[in-house]
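All values below were derived from every heavy atom in this structure, side-chain atoms included, with hydrogens, water molecules and symmetry-related copies excluded. Proteins come first, then strands; the chains are lettered A, B, ... in the order of their sequence lines, and each starts at number 1.
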2 protein chains.
Amino acid sequence: MEYSIQQIARAAGTTSRTLRHYDGIGLVRPSRIGGNGYRYYDDRALVRLQRVLLLRELGLGLDAIGEVLEAQDAQARGGEHPAAAEARVLHSHLDLLLRERGRIDAQIGSVERTIAALARAADGSPGETDGQEDLMSENMFDGFDHTRYREEVERRWGANAYASSDRWWRSLGDAGRAEWRASMEQLGRDWIAAAESGADPAAPVGQELARRHVEWLRGIPGTPAHGAGGDLAGYVLGLAEMYVADERFAENYGGAAGAGFVRDALRAYAERELAA
Amino acid sequence: MEYSIQQIARAAGTTSRTLRHYDGIGLVRPSRIGGNGYRYYDDRALVRLQRVLLLRELGLGLDAIGEVLEAQDAQARGGEHPAAAEARVLHSHLDLLLRERGRIDAQIGSVERTIAALARAADGSPGETDGQEDLMSENMFDGFDHTRYREEVERRWGANAYASSDRWWRSLGDAGRAEWRASMEQLGRDWIAAAESGADPAAPVGQELARRHVEWLRGIPGTPAHGAGGDLAGYVLGLAEMYVADERFAENYGGAAGAGFVRDALRAYAERELAA
DNA sequence: TTTGACCTTGACGTAACGTCAAGATCTAGC
DNA sequence: GCTAGATCTTGACGTTACGTCAAGGTCAAA
């Protein structure tokens, strides 16, 4: 069978423009070109086109699709097994999709929180648009003045981590900031209580607190915990060490002993749940 | 304070190119332009820039951001309350994000199934690349020959619904197709058993089956149930009616009585769980 | 005055086509 | 054979939010 460009487009559920595009980039070439310049396709081309469209529906880019199909064609010429190549490409694509979902989840959370903050602001609570000065001079989320450690923050977490967190913190409004601090302090109190109870950091109590702690960290834009793709496990482990080493942090968890408990619990949690 | 373009870029955690872009599209204009053509920004511009960057981190497009900021500026001129405009934009954006996540979830599922199918194919099970003819001539997923109802499928579910489902079905391979049919038949048997038990379609047994049924439908590319964004509730309700009205479907559920049970259960489920 | 650092506009590239535009060709009916 | 309408061609712009040169002016310190 031989199809005109419209016919094969209809057969595959796409458009002639797409076919011309695929011809242009060499992804699906016509089997024959008429003396009038018309493109004609045969069944082999149709099968190839079907595979392209299927992989496209999985979200692969056209160049990745080309790679898969090339492996398919190189099969007889001693290349790697085509299914292996396809699986390899799909695995890395799956990885990308998972990171993408993490990013979207984080955005959804941020948007929801922002909407809630706007609703609270509309309810009353005056003094919302003032006080734009020196907001970062207050103790932010880990118990010390970030403006004084701006350089350290930027060196540790990247150049715009500080700016990003700062924007977010300013956007919260007074009510939101109070709420955030309250949640932080509640978490701190719960950590202290758990540490004083003498429980094993790896026991469920500690692990549940560790989960809450990581969730709480994820809510801070500008850190590797926000969204996805960063080295979450490494970030958490680094913070855990910092809690112990730096007394400014340790204070929040009842001193060195409490911070040690937090560190051990986070370590165990990261090993179990965040292993890359 | 007055900043040069680099200074304001560093202060906000972005680049000078971005500032030039925002000037070009009129989103953030410099407060002053020097005789040498240099752009200079003041604190008001910095605040505006911060808001732009914050909203951008939430995933809004630059034009949507412009809309929000315009409402902010129109505040004194009798426009709607700026926070209301922002909430409106954020709500529709949230909607978009949720649909996007649904799409990604569906892609993740498809990719995972495809990888699993490739692994099975590599394990052995010959005859994988042949039999490309007339695959759709078999009873596909709802018990009748789709090639014979192609036009109806296209009219009901859109022009490339058929092509999309067809591609997916071909891609499954013999093992995958057998598996899929088995899952369909298992679902049918469970429906029949539930119907014969005389239970209330709205009772947990029926509702759990309805949930499984909808999940199963979501796995079929080309239907409104796949991914997200389509009228899932309307689609499910339409199918439910069809199961009763069309005996080709009804057979799968033990005849008219069983199909009626399925319909009622799906109706109740759609009302509870899929209400838009 | 030199030398970097910083500034400008202009323009191409990105992903995957959609959407005209202008013109050539095919097909069917008269 | 002629004409209308369907179909085909290449060419080029538009889409998003900038990154990345390129070529050339400006500024501040030495």
For this session: Classify the nucleic acid contact of I25(B) as base, sugar-phosphate or nothing, counting any heavy atom under 4.0 Å across all strands shown.
Result: nothing
For this session: Kindly say whether I5(B) contributes a backbone atom to a donor-acceptor pair with the side chain of S16(B) at under 3.5 angstrom?
Result: no
Exercise. Rounded to whole angstrom units, what separation is found between the CG atom of L27(B) and the C1' atom of dC18(D)?
Worked result: 13 Å
For this session: Between D63(B) and R17(B), just flag the one whose closest nucleotide in DNA chain D comes earlier from the 5' side.
Result: D63(B)
Problem set entry | Side-chain N,O (R56(B)) to OP1/OP2 (dA17(D)) below 4.0 Å | no
Exercise. Out of curiosity, I104(A) CD1 to R99(A) CZ, how far, rounded to the nearest 0.5 Å?
Worked result: 13.5 Å
Exercise. So, is N36(B) near the phosphate of dC27(D), with a side-chain N or O under 4.0 Å from OP1 or OP2?
Worked result: yes
Exercise. How long is the line joining CD of Q7(A) and P of dT27(C), in whole Å?
Worked result: 11 Å
Exercise. Looking only at side chains, do E2(B) and S31(B) share a donor and an acceptor under 3.5 Å apart?
Worked result: no
Exercise. Taking atom C1' of dT9(D) as reference, at what distance in whole Å does atom CG of D23(A) sit?
Worked result: 12 Å
Exercise. Toward the 5' end of DNA chain C, which comes first, Y38(A) or T14(A), by nearest nucleotide?
Worked result: T14(A)
Exercise. What is the distance, rounded to the nearest whole Å, between atom NE2 of H93(B) and atom P of dT16(D)?
Worked result: 15 Å
Exercise. Hey, does the side chain of T18(B) come within less than 4.0 Å of dA17(D)'s phosphate (OP1/OP2), counting only N and O?
Worked result: no
Problem set entry | Among dT25(C), dG25(D), dG18(C), the nucleotide that comes nearest once only the side chain of T15(A) is considered | dG18(C)
Seminar exercise, completed: Rounded to whole Å, the CD1-C1' distance (I5(A) to dC17(C)) equals 13 Å
Problem set entry | Residue-phosphate contact under 4.0 Å: R39(A) side-chain N/O, dT9(D) OP1/OP2 | yes
For this session: Taking only the side-chain nitrogens and oxygens of R20(B), find out if one of them lies under 4.0 Å from OP1 or OP2 of dT9(C).
Result: no
Problem set entry | dC7(C) phosphate, OP1 or OP2, under 4.0 Å from Q6(B) side-chain N/O | yes
For this session: Please check if the side chain of H226(A) supplies one atom and the backbone of R218(A) the other of a donor-acceptor pair under 3.5 Å.
Result: yes
Exercise. Counting N and O atoms only, with roles assigned by atom type, does the side chain of D43(A) sit under 3.5 Å from a partner on the main chain of L46(A), one being a donor and the other an acceptor?
Worked result: no
Exercise. Do E57(B) and S164(A) have side-chain atoms, one donor and one acceptor, less than 3.5 Å apart?
Worked result: yes
Exercise. Looking only at side-chain N and O atoms, does Y22(A) come under 4.0 Å of OP1 or OP2 in dC17(C)?
Worked result: yes
For this session: Please determine if a side-chain N or O atom of S16(B) lies less than 4.0 Å away from the OP1 or OP2 oxygen of dC7(C).
Result: no
For this session: Ignoring the backbone of H21(B), work out which of dC17(C), dG25(D), dC18(D) is nearest its side chain.
Result: dC18(D)
Problem set entry | Whole angstrom value for the distance that separates P of dC7(C) from CZ of R10(B) | 8 Å
For this session: Assign G34(B) to base, sugar-phosphate, or nothing according to its heavy-atom contacts below 4.0 angstrom with the strands shown.
Result: nothing
Seminar exercise, completed: The nucleotide from dA16(C), dA17(D), dC6(C) with an atom nearest the side chain of L62(B) is dA17(D)
